[in-house]
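First the structure, in the form of structure tokens, and then the observations on it.
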Amino acid sequence: MQFDNLSAFFDMGGYAFYVWLSFGVSLLALALLAVDAVQQKRVLFEAVKKEQARKVRIKAAQASAKSNTRNDPQKEEVSSES
Amino acid sequence: MSASLTAILRRDLALAYRQRSELMQPMMFFILVISLFPLGIGPNPEILQKVGPGVIWVAAILSSLLGMERLFKDDYNDGSLEQVMLSSTPLPMVVLVKVFAHWLTSIVPLLLLSPLLALFLNLTQEMYWALLLTLLLGTPLLSLVGAIAVGLTLSLNRGGVLLALLLLPVFIPLLIFATAAVEAASLQLPYNAQLAIIGAMLLISLAMAPFAIAYALRVSQN
Amino acid sequence: MWKWLHPYAKTQNAYQLCERLLPWFVTSALISFVIGIVWGLAFAPADYQQGDSFRIIYIHVPSAILSMGAYSAMAIAAFVGLVWQVRTAFMAMVALAPIGAVVTFIALFTGAAWGKPMWGTWWVWDARLTSELILLFLYLGVISLYASFEDKHQAGKAAGVMAIVGVVNLPIIHFSVEWWNTLHQGASITKFDKPSVAPDMLWPLLISILGLALVMAAIFIRRLQNEIVRRELNRPWVQELVSAAKEK
């Protein structure tokens, strides 16, 4: 370790502001980029899942529409969605 | 083949002649921008002389960007571009002719205006000659490289600002060498080196840009 | 080599390769980046002229080098995509562009924060800072061109052409700016132009370059996966992938 103690390390020989500002902003920017990449994956998978669920619902609604469920208003609504 | 190329050249020139008022607009913009600078900086002739070359070049780049969009837009909209692509004439050649016609009709007028602007900004005679030479070599380069980006943004509805965003960084070397040549001329120094570099960039773009433009048009036409 | 590479032009294979590589890259990136930064910040000797402000070099130089490296990689991907019609290459280009832009921003920011104590101002039109700024503009141009197209296949091609135009220009820009700079302001800044670096400063620098490269690679791999999924949302293999992830 080049520094005598921890406070000397944080002081950076008087250049604390510039050194820690540079490293702070850089790490923050990289972290945001990484978080965004992970987040994007979750969003995309979420969207695919939703689409799949919708397809399942549509199929179910069509199947039940065929098997005569005219007086069930709720299912009528779902099938009209397709 | 060359018959079809001359036909395209003649057609583009005739079209430009019929749209004279539209061609006037970038020119007026050029003059207006340049007359804004003395108003903003102050009428001191020495300062004007110092910033003059840079101002004229920046204004030339901006106003050439303004006129650039119509390079392929009308042909794209009325479908004649597609016809040209289907024809047996090689597209890079066609594109080269069209860029040349565009340069003749919308950039050369700017060159003709340049003596007036040199007077406005108090340029010496040596500076003016250097400026004219750099403009003569540099503006075809602007048109050639610019046409690539015009081709790419063709199918977008609002390509204007995007075009500037794409092209301005690419034009920086030209701006640097051109203004340096004029500055050298103001100090009575030789500026052949700067002209040679601009000439080299022009030749490189002349060799490569037509193919890039042709490809860009194909991408836009999909 | 082509035989080995070719299957990865297929998006599904590329995705699975990414999935396999990602953990390795993430761990090695974290390890080397942390070692490089901590070594540079705490254990490397201070510069005799600039004291401890010199430690900014351990983030500034890696980001400056890799900002250019990322642009070249992007242009190579664009070239591969345009010449061999490889769709995965365009996706790689698109995934790389924002990473490159962020790293360029880091290089600019740390350059400014280093310049303030050394030169007395946040910004000088130093040749390297200026060309880095232009590089940022080139990145932003490619990104905004890609974003303007609805049809992402077309967008990839257009942005690819622009990336190649940029890479042809990059050396010209670099040399013109360097030349312009020496023309306009004497050699006042060159006083710390590469004194031969002592080995106990060089090693942490090399490790932090490697570390940042691996960090970028790890982020790139995840972004590439996202890009592949985004483009192929309705393909059966994506559907299966998502259902498999759901069961876990």
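Letters go in sequence order (proteins before strands), and every chain restarts at 1. On a predicted model such as this, the values are computed, not experimentally measured, just so you know.
The distance from the OG atom of C:Ser176 to the CD atom of B:Gln194 is 12.0 Å, given to the nearest 0.5 Å. The distance from atom CD1 of B:Ile172 to atom CG of C:Leu133, rounded to the nearest 0.5 Å, is 7.5 Å. Interatomic distance, C:Asn169 CG to B:Ile204 CD1, rounded to the nearest 0.5 Å: 10.0 Å. Within the model, atoms CG of B:Leu152 and NZ of C:Lys157 stand 12.0 Å from one another, a figure rounded to the nearest 0.5 Å. Expressed to the nearest 0.5 Å, how far CD of C:Gln154 lies from CD of B:Gln221 amounts to 9.5 Å.
For CZ of C:Phe79, the number of neighbouring non-hydrogen atoms (other residues, nucleotides, ligands) closer than 6.0 Å is 12 at most. Counting heavy-atom neighbours within 6.0 Å of B:Tyr76 OH, excluding the residue itself, gives a total above 12. Within 6.0 Å of the CH2 atom in C:Trp237, the count of heavy atoms belonging to other residues, nucleotides or ligands exceeds 12. Counted within 6.0 Å of NZ on B:Lys50, heavy atoms from surrounding residues, nucleotides or ligands total 12 or fewer; the atom is thus considered open.
Only the side chain of B:Ser155 comes within less than 4.5 Å of a heavy atom in chain C; its backbone stays farther off. For a residue to count as touching a neighbouring chain, one of its non-hydrogen atoms must lie under 4.5 Å from one of that chain's; by this rule C:Phe175 does not touch chain B.
Taking chain B as the reference chain and counting heavy-atom pairs below 4.5 Å, the highest number among C:Val165, C:Val168, C:Val161, C:Ile164 is found for C:Val161.
Shortest non-hydrogen contact noted between C:Ile173 and B:Pro173 is CG1-CG, 3.5 Å. Minimum interatomic distance between C:Ala158 and B:Val219 (heavy atoms only, all atoms of both residues): N-CG1, 4.1 Å.
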side-chain contact (heavy atoms from CB on, under 4.5 Å) between B:Leu156 and C:Phe149, intermediate numbers included: CA-CA 7 Å; B:Leu156 302 173; C:Phe149 281 92; 3.9 Å; yes
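No option in B:Leu166, B:Leu165, B:Leu163 other than B:Leu166 meets the side-chain contact (heavy atoms from CB on, under 4.5 Å) test with C:Leu145.
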